*Asks:* 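The structure's right below; bear with me while I get my questions together.
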Amino acid sequence: MSLSALARHALLLALPLSLLLPACSRQDTTQVPSAPRRIGELQGSGERSPFEGQRLRIQGVVTGSFSGGLGGFFMQDAVGEDDGDPASSDGIFVQWPRESEPRVRRGDRVRVNAVVSELGPEGATMTTLTDARIEVLGRAAAAAVVLREAPARAQDYERYEGMWLRIETALTVSGNDGLLRFGELTVSFGERLRQPSDLFPPGAEGRAFAQEQDRRSLILDDGRRSEYPERLWFLPEPLSNAAPLRAGSTLAGAEGLLEQRGNRWALQLRRDLVVASQAERPQPPELRAGLRVASYNVENFFNGNGRGGGFPTPRGAASAADLERQRAKLVQVLLGIRADVIGLVEVENDGYDERSALAELVAALNAALSEAEGAADAGDYRFVRTSEPLGGDQIRVALIYRERAVEPVGEPASLASGAFERGSRVPLLQTFKPRAGGAAFSVVVNHWKSKGGCEGAEAGNRDQGDGQGCWNAARVDAARELLQWLDSDPSGGADGGRRLIVGDLNAYSQEDPVRLLRNAGYRDALELGGRSGQSSYNFRGYAGSLDHALASAALASDVRDAAIWPINADESEAFKYRSFARNPDWYSAEPWASSDHDPLILVLRQPRPAGP
């Protein structure tokens, strides 16, 4: 699933955009405010202020001035002046743009005459003081609230809204996909966050797990609304290949002001973090011997016109230099996988001639393999050709294979009707026979409709709020029609029912489409290999598997091993080929951040020719 950065962060940006206007209509804002109120009294113990729409006078201490970055400042009751109610927050955000006078700084005691507003999406607003008039009274002190563990429930963060928090426990980096663009990290108390629908089917158990994940989740932000900050000031050292801050790294010293960000909570940092540990970049998994089959989403490999021009491409490289860097990374991944059959996803759908994207990638892979082995004939990868374009989408799936290991049997088959006419890409099937002996088997590579782009979704394709996102019905149709097609025996009996369904299904492991495949007798290769629970994708800090390999009942007993090589989903976009223009030092022609999905590799109990 390749969502644009804008779509990926639409919900996160809902609150910042909404700061332009309050979520309620103001009541009489010209009335003379009554005696000063305590902030806790103003906040109340509910989700919305009991004084919403009223103009009040409030007095407190500035705990964080973010006028340049957030358009305002946070204030909190001075020490000993709170309302004594632990269920109400003693802090609040005040809109106060950079050019406003008087200037305020942390530690100032201020009196604020302002309107109480609720800003943000309905049901997840942040109490904010707007249309403010401010008087600086002097200096005073406020105290930080110390947290050593996550609150009992996610909604319990409400009692700390706008307050100064100091977290005195280690936090785990669960997601860094917003780090480069938004200066933010998704962190968790305890272990990393998981996608609920990767572990539980829709229902009560999944909802309970989702609530548990949400209560442990927190965003650490840089105190700015702007995109692509020049410097990530809160990191003790700049991002680098030696210090990539992968998901799984741990942090300490988080301290800042708590902001409600839609249905999530963000800590606007006010001091540097401490990196307690850096998660290591893993080498290729050690797998048992046998014939290797892999699946890999290459995230829009487009090569322009194949002659060095045609840039920027519709979905991939913006320049010939970008393409060179992208290709170099992908080749290193494919060399590390060393699979005998590989299903590729998100390759430019531009045919099969020598200038096509697929031909260019395979030629580069063969050249690198020959160089690595010191033999001109070592590069023996070939690609499966179809007689017609594979669907009408800009991207397609593809199959490549090592000629020394397997030979194609019969012609490739594809399904371009029903669910695969639009939305889900046309699946491609090819039967292979191991050259060292053993039974033939088929591999069918898929790329189903993504969860994003909900506009136009109707009925069962709308987000049902069950964790499966938009277009679930379309993916269920794809699964059902794929099974019907496979039951019709598109290999003509050549594979004896020995089939592998691989690819990016855009559905997590316990969602309806994948469960439909399993209920039809297909078995998860990771489970068969004894490595279930691994994930291939990370969305907003929640890890799960959108990429799958499922073996038919006739082939399941031949799956010896399977693993995901976590080289991409845990990486910041800083290390992708596109970031070279911002910082050349971030780029390396290595596997890391070569895509947004991790490759999945499985091993069949089939003979494999000697050699690499």
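Keep in mind it's a predicted model, so treat the numbers as computed, not measured.
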*Asks:* Among Asp214, Asp198, Thr186, which residue meets the side-chain hydrogen bond (donor to acceptor under 3.5 Å, both in side chains) test with Tyr542?
*Replies:*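 One option only clears the test, and that one is Asp214.
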*Asks:* Who passes ring-ring contact (aromatic ring centres under 6.0 Å, His included) against Phe209, sequence neighbours left out?
*Replies:* Phe200
*Asks:* Less than 6.0 angstrom from the centroid, inside 45 degrees of the normal: does Arg325 satisfy that with respect to the ring of Phe580?
*Replies:*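 The answer is yes; both the distance and angle limits are met.
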*Asks:* Do the side chain of Arg216 and the main chain of Phe189 share a donor and acceptor less than 3.5 angstrom apart?
*Replies:* yes
*Asks:* Show every salt bridge (Lys or Arg N to Asp or Glu O under 4.0 Å) that has at least one partner inside residues 461-473, sequence neighbours left out.
*Replies:* none
*Asks:* Would you say the side-chain atoms of Asn472 pair up with the backbone N or O of Asp512, donor to acceptor, closer than 3.5 Å?
*Replies:*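 Pair absent, no side-chain N/O of Asn472 close to backbone of Asp512.
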*Asks:* Looking at residues at least two apart in the chain, or sitting in another chain, which of them share a side-chain hydrogen bond (donor to acceptor under 3.5 Å, both in side chains) with Asn446?
*Replies:*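 Only Trp448 meet the side-chain hydrogen bond (donor to acceptor under 3.5 Å, both in side chains) criterion with Asn446.
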*Asks:* Tell me every residue that passes ring-ring contact (aromatic ring centres under 6.0 Å, His included) with Tyr587, counting only those two or more places apart in sequence or in another chain.
*Replies:* none
*Asks:* Shortest non-hydrogen contact from Pro201 to Arg515?
*Replies:* CB-NE, 3.7 Å
*Asks:* Among residues at least two apart in sequence or on other chains, which ones pass side-chain hydrogen bond (donor to acceptor under 3.5 Å, both in side chains) with Asp524?
*Replies:*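 Residues passing side-chain hydrogen bond (donor to acceptor under 3.5 Å, both in side chains) with Asp524: none at all.
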*Asks:* Using side-chain hydrogen bond (donor to acceptor under 3.5 Å, both in side chains) as the criterion, list what pairs up with Asn241, not counting sequence neighbours.
*Replies:*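 Listed in chain order: Arg281.
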*Asks:* Report yes if the side chains of Glu348 and Asn300 come closer than 4.5 Å at any heavy-atom pair, otherwise no.
*Replies:*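 No; the side chains remain at least 4.5 Å from each other.
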*Asks:* Just verifying a value: how many Å separate Leu505 CG and Leu517 CG, rounded to the nearest 0.5 Å?
*Replies:* 6.5 Å
*Asks:* Between Thr250 and Ser277, is there a side-chain donor-acceptor contact under 3.5 Å, judged purely by atom types and distance?
*Replies:* yes
*Asks:* Are Leu232 and Pro238 close enough that some pair of their side-chain heavy atoms sits under 4.5 Å apart?
*Replies:*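 Not in contact.
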